[in-house]
2 protein chains.
Amino acid sequence: MDIQLKRGLLDVCVLAAINSEESYGYKIIKDMAPLVELSESTLYTILKRLETANMLTVRTAEHAGRLRKYYRITDAGRRRLEEFKSDWSEMNRIYRFITKEDAQ
Amino acid sequence: MDIQLKRGLLDVCVLAAINSEESYGYKIIKDMAPLVELSESTLYTILKRLETANMLTVRTAEHAGRLRKYYRITDAGRRRLEEFKSDWSEMNRIYRFITKEDAQ
DNA sequence: CGCGATACTTCGTGATACGATGTATTACAC
DNA sequence: GTGTAATACATCGTATCACGAAGTATCGCG
């Protein structure tokens, strides 16, 4: 899939992945893998970015002798998901423009 | 609208704008303006990129004393539009994932 | 003559995805 | 008990990209 097209979805996908319950990096990647491939370096960059933007909070906890960072979505994060939904209808309008011109 | 989301559409929008008939930079911007805002610097960057990728061809012609560069889509450009359509169904799958997680 | 519209160009910057590489522990097979 | 895969996170450098700013030049109109 086209990288540029994917770009706009990554942040929101990560937010969606932690929306129902908190999760951690490694699990987020595994959860998203069937739908969207993303490398670890990309994911951790995104998580850091979303944390800076206050769209999620982090807590570190030990699990089976290893440290894990658990990410939890914030209200700002949920608002971001809502905004995405309205952006999506705009995207659909543009899609129709593209396919309309295409048909001629 | 979110810039990242827009990114994936710009190239394809420009291709769609010259798909039915050849056009030139200034007109492309005006045609797209109601749907997608894009600055001149962005457009000309995109046109150069698409030319390098052989998705369009350019011819320069004089019009009312001014030089215009007319852009015409190529077969590769049309294939790109086709690819975009299949990418779009993938995008829709991801969208459903995001809104599904969102509902919980 | 001045100004806005037309038309294209170049430069610098900030944001971003990602491969490569590194660190460290656990679980399991041989 | 040793190696190897899986788990888990971090950092660095690079390439791509959108865009604002600024510039050049012509035409039409008041």
Side-chain angles (χ1 to χ4, degrees), chain A residues 1-15 17-18 22-33 35-53 55-71 80 87 90-91 94, chain B residues 1-15 17-18 22-33 35-53 55-72 80 87 91 94:
Chain A
M1 185 178 163
D2 178 41
I3 300 173
Q4 297 307 316
L5 214 47
K6 209 172 111 181
R7 269 177 105 99
L9 297 178
L10 289 179
D11 281 34
V12 192
C13 268
V14 171
L15 284 175
I18 61 167
E22 65 173 5
S23 187
Y24 54 95
Y26 203 79
K27 182 169 191 297
I28 294 172
I29 289 179
K30 298 293 166 199
D31 286 349
M32 288 177 53
L35 212 65
V36 193
E37 260 179 86
L38 87 168
S39 67
E40 296 181 43
S41 58
T42 304
L43 200 239
Y44 290 111
T45 306
I46 291 172
L47 287 170
K48 187 66 103 180
R49 181 163 66 237
L50 290 174
E51 189 193 351
T52 305
M55 300 214 180
L56 50 78
T57 54
V58 194
R59 69 176 180 95
T60 304
E62 202 182 307
H63 175 86
R66 262 192 295 264
L67 282 181
R68 264 189 197 164
K69 291 177 94 171
Y70 287 94
Y71 300 90
R80 178 79 175 75
D87 276 352
E90 203 165 330
M91 290 282 282
I94 298 172
Chain B
M1 187 178 162
D2 179 42
I3 300 173
Q4 298 306 317
L5 213 47
K6 207 172 114 182
R7 268 175 107 100
L9 296 178
L10 289 178
D11 281 34
V12 192
C13 268
V14 171
L15 284 175
I18 61 168
E22 65 174 5
S23 187
Y24 54 96
Y26 204 78
K27 183 169 190 297
I28 294 171
I29 289 179
K30 298 293 167 198
D31 285 348
M32 288 176 54
L35 212 64
V36 193
E37 261 179 85
L38 86 169
S39 67
E40 297 182 40
S41 59
T42 304
L43 200 241
Y44 290 111
T45 306
I46 291 171
L47 287 170
K48 187 66 105 181
R49 182 165 63 238
L50 290 173
E51 188 193 353
T52 306
M55 301 217 179
L56 50 78
T57 54
V58 194
R59 70 178 178 93
T60 304
E62 202 183 305
H63 176 85
R66 261 193 295 263
L67 282 181
R68 265 190 197 161
K69 293 178 94 171
Y70 289 93
Y71 300 90
R72 183 189 295 272
R80 178 78 175 75
D87 276 352
M91 289 281 282
I94 298 171

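Side-chain atoms are counted along with the backbone in the values below, which use heavy atoms only and exclude waters and symmetry mates. Below, read A as the first sequence line, B as the second, and so on, with proteins coming before strands; counting in each chain starts at 1.
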B/E40 has an atom CD; how far is it from atom C1' of D/dA22, in whole Å? 12 Å
Would you mind telling me which residue lines up with the more 5' stretch of DNA chain D, A/T45 or B/G8, judged by nearest nucleotide? A/T45
Quick check for you: among C/dA7, D/dC17, C/dT26, whose closest atom lies nearest to any side-chain atom of B/R49? D/dC17
Side chains of A/R68 and A/Y70 only: does a donor on one sit below 3.5 Å from an acceptor on the other? yes
Separation between CG (A/L10) and CZ (A/R49), nearest 0.5 Å, reads 8.0 Å
Run through B/K6, B/Q4, B/M1 and flag the one making a side-chain contact (heavy atoms from CB on, under 4.5 Å) with A/D87. B/M1
Given atom CD1 of B/I46 and atom C1' of C/dT9, what is their separation to the nearest angstrom? 15 Å
Contacts of B/E62 and A/Y71 projected onto DNA chain D by closest heavy atom; the upstream (5') one is A/Y71
Looking only at the side chain of A/K6 (C-beta and beyond, no hydrogens), which of the listed nucleotides C/dT16, C/dT6, C/dC18 gets closest? C/dC18
Measure NZ/A/K48 against C1'/D/dA10 and give the value in whole Å, please. 9 Å
Short side-chain N/O contact to C/dA7 OP1/OP2 from B/Y24, under 4.0 Å: yes
If you measure from CG on A/L15 to CG on A/L56, what distance do you get to the nearest 0.5 Å? 6.5 Å
5' priority, DNA chain C, between A/R66 and A/L38 [closest heavy atom]: A/L38
A/I28 CD1 - D/dA10 C1' separation (whole Å): 15 Å
Report the distance from atom NZ of A/K27 to atom P of D/dA8, rounded to the nearest whole Å. 11 Å
Short side-chain N/O contact to D/dC9 OP1/OP2 from A/Y44, under 4.0 Å: yes
Interatomic distance where CG belongs to B/L47 and P belongs to C/dC8 [whole Å]: 9 Å
Respond yes when some side-chain nitrogen or oxygen of A/T42 is under 4.0 Å from OP1 or OP2 of C/dA17, and no when none is. no
Should B/R7 be listed as having a side-chain N or O under 4.0 Å from OP1 or OP2 of D/dC17? no
Let me know the distance between CG of B/D11 and C1' of D/dT16, rounded to the nearest Å. 11 Å
Nearest 0.5 Å, please: how far is CZ in B/R7 from CD1 in A/I3? 11.0 Å
Quick one: A/I3 CD1 to C/dC18 P, roughly how many Å, whole number? 6 Å
I want to check one thing: is the phosphate of D/dC19, taken as OP1 and OP2, less than 4.0 Å away from some side-chain N or O of B/S41? no
Determine whether any donor atom in the side chain of A/S39 lies under 3.5 Å from an acceptor atom in the base of C/dG19, or the reverse, and answer yes or no. no
Can a side chain N or O of A/K69 be found less than 4.0 Å away from OP1 or OP2 on D/dA10? yes
Nearest-0.5 Å distance, CG of residue A/L47 to CD1 of residue A/I28: 5.0 Å
Could you please name the option among D/dA6, D/dC19, C/dT6 that lies closest to any side-chain atom of B/Y26? C/dT6
